[in-house]
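All of these numbers come straight from a predicted model, not from anything done at the bench. Along the sequence shown, the residues carry numbers beginning at 1.
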Amino acid sequence: MTIDEFRSAAVPKGFSVELESLWYDGNGDWNKSHDVIQDVDSKNAAWIHAYLHRKEGDLGNAQYWYSRAGKSMPNVSLDDEWKSLVEHFLKG
C-alpha cells in the first residue's frame, strides 16, 4: 500500500493502532488520532504521540514523548515526519 492509498482509504480496519492513529491525523482529525494513541503503552505509540504533540506546537511535551520512544525530535517538516511514520508502520 502506498501513502496515497493509505491516506485515501476508508478508516483502516485490521490495521495496527499506530496506523489507525496516523490515518486519522492524515485525514485532518488530530483529536481522534490523539485519542486512539494516548493510552497505548509502547515505544511505537510514544513515537506517534511525540509527533502529534510536535504538530500541536507543544514542543516540551513532544520532547518528553520522543524520549520515551527512544527517538530524537526530527528536523524535518511535519508532513515528512508523518510520511516516514506511515512508511515505517506499513512495513512493520
Side-chain angles (χ1 to χ4, degrees):
M1 174 176 280
T2 67
I3 288 180
D4 289 335
E5 290 169 336
F6 175 78
R7 192 185 308 244
S8 65
V11 177
K13 298 209 185 301
F15 279 166
S16 66
V17 67
E18 292 88 1
L19 284 170
E20 181 182 351
S21 176
L22 290 165
W23 184 89
Y24 280 111
D25 181 66
N27 283 280
D29 195 341
W30 185 97
N31 287 318
K32 179 69 174 176
S33 177
H34 188 263
D35 288 347
V36 166
I37 207 70
Q38 72 178 345
D39 293 325
V40 179
D41 187 19
S42 72
K43 285 190 173 194
N44 285 336
W47 189 11
I48 294 168
H49 205 163
Y51 155 77
L52 289 170
H53 284 291
R54 179 175 171 245
K55 183 174 184 177
E56 178 188 37
D58 186 350
L59 299 183
N61 199 4
Q63 185 58 53
Y64 167 80
W65 287 104
Y66 281 114
S67 177
R68 290 214 33 204
K71 307 284 183 185
S72 297
M73 191 178 310
N75 188 22
V76 298
S77 72
L78 290 166
D79 190 52
D80 284 348
E81 184 177 9
W82 182 87
K83 287 176 185 175
S84 293
L85 285 163
V86 170
E87 288 172 348
H88 174 82
F89 290 107
L90 281 174
K91 290 178 187 174

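The environment of NZ in Lys32 is sparse: at most 12 heavy-atom neighbours from other residues, nucleotides or ligands sit within 6.0 Å. The number of heavy-atom neighbours closer than 6.0 Å to CG of Asp41, taken from other residues, nucleotides and ligands shown, is 12 or below.
Tyr24 has its side chain out of reach of Asp35: every pair of non-hydrogen atoms, C-beta onward, lies at least 4.5 Å apart. The shortest distance between side-chain heavy atoms of Arg54 and Tyr66 falls below 4.5 Å.
What you find for Val40 and Val36 is that their closest heavy atoms are CG2-O, 3.8 Å. Contact record, Val86 with Ile3: CG1-CG1, 4.1 Å, taken as the closest heavy-atom pair. Between Arg7 and Gly26, the shortest heavy-atom contact is NH1-O, 3.5 Å. A pairwise comparison of heavy atoms in Leu22 and Trp82 identifies O-NE1, 2.9 Å as the closest pair.
Under the 4.5 Å side-chain heavy-atom criterion for Ile, Leu, Val, Met, Phe, Trp and Tyr, Phe89 and Val76 are members of distinct hydrophobic clusters. When hydrophobic clusters are built by joining Ile, Leu, Val, Met, Phe, Trp and Tyr residues whose side-chain heavy atoms come closer than 4.5 Å, directly or via intermediates, Trp65 is not grouped with Met73.
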Legend entry - From CA spacing to verdict: side-chain hydrogen bond (donor to acceptor under 3.5 Å, both in side chains), Asp25, Tyr51: CA-CA 10 Å; Asp25 181 66; Tyr51 155 77; 2.6 Å; yes
Legend entry - side-chain contact (heavy atoms from CB on, under 4.5 Å) evaluation trace for Leu52 with Ser21: CA-CA 10 Å; Leu52 289 170; Ser21 176; 4.0 Å; yes
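No option in His34, Gln38, Arg68 other than His34 meets the side chain to side chain donor-acceptor pair (under 3.5 Å) test with His49.
Put simply, CD on Glu18 and OG on Ser33 are 11.0 Å apart, with the number rounded to the nearest 0.5 Å. Atoms CG and CD, from Asp58 and Gln63 in turn, are 11.5 Å apart once rounded to the nearest 0.5 Å. Within the model, atoms CG of Leu19 and CD1 of Ile48 stand 7.0 Å from one another, a figure rounded to the nearest 0.5 Å.
Using a 30° and 60° split on the angle between ring planes, Trp47 and His88 fall in the perpendicular class, above 60°.
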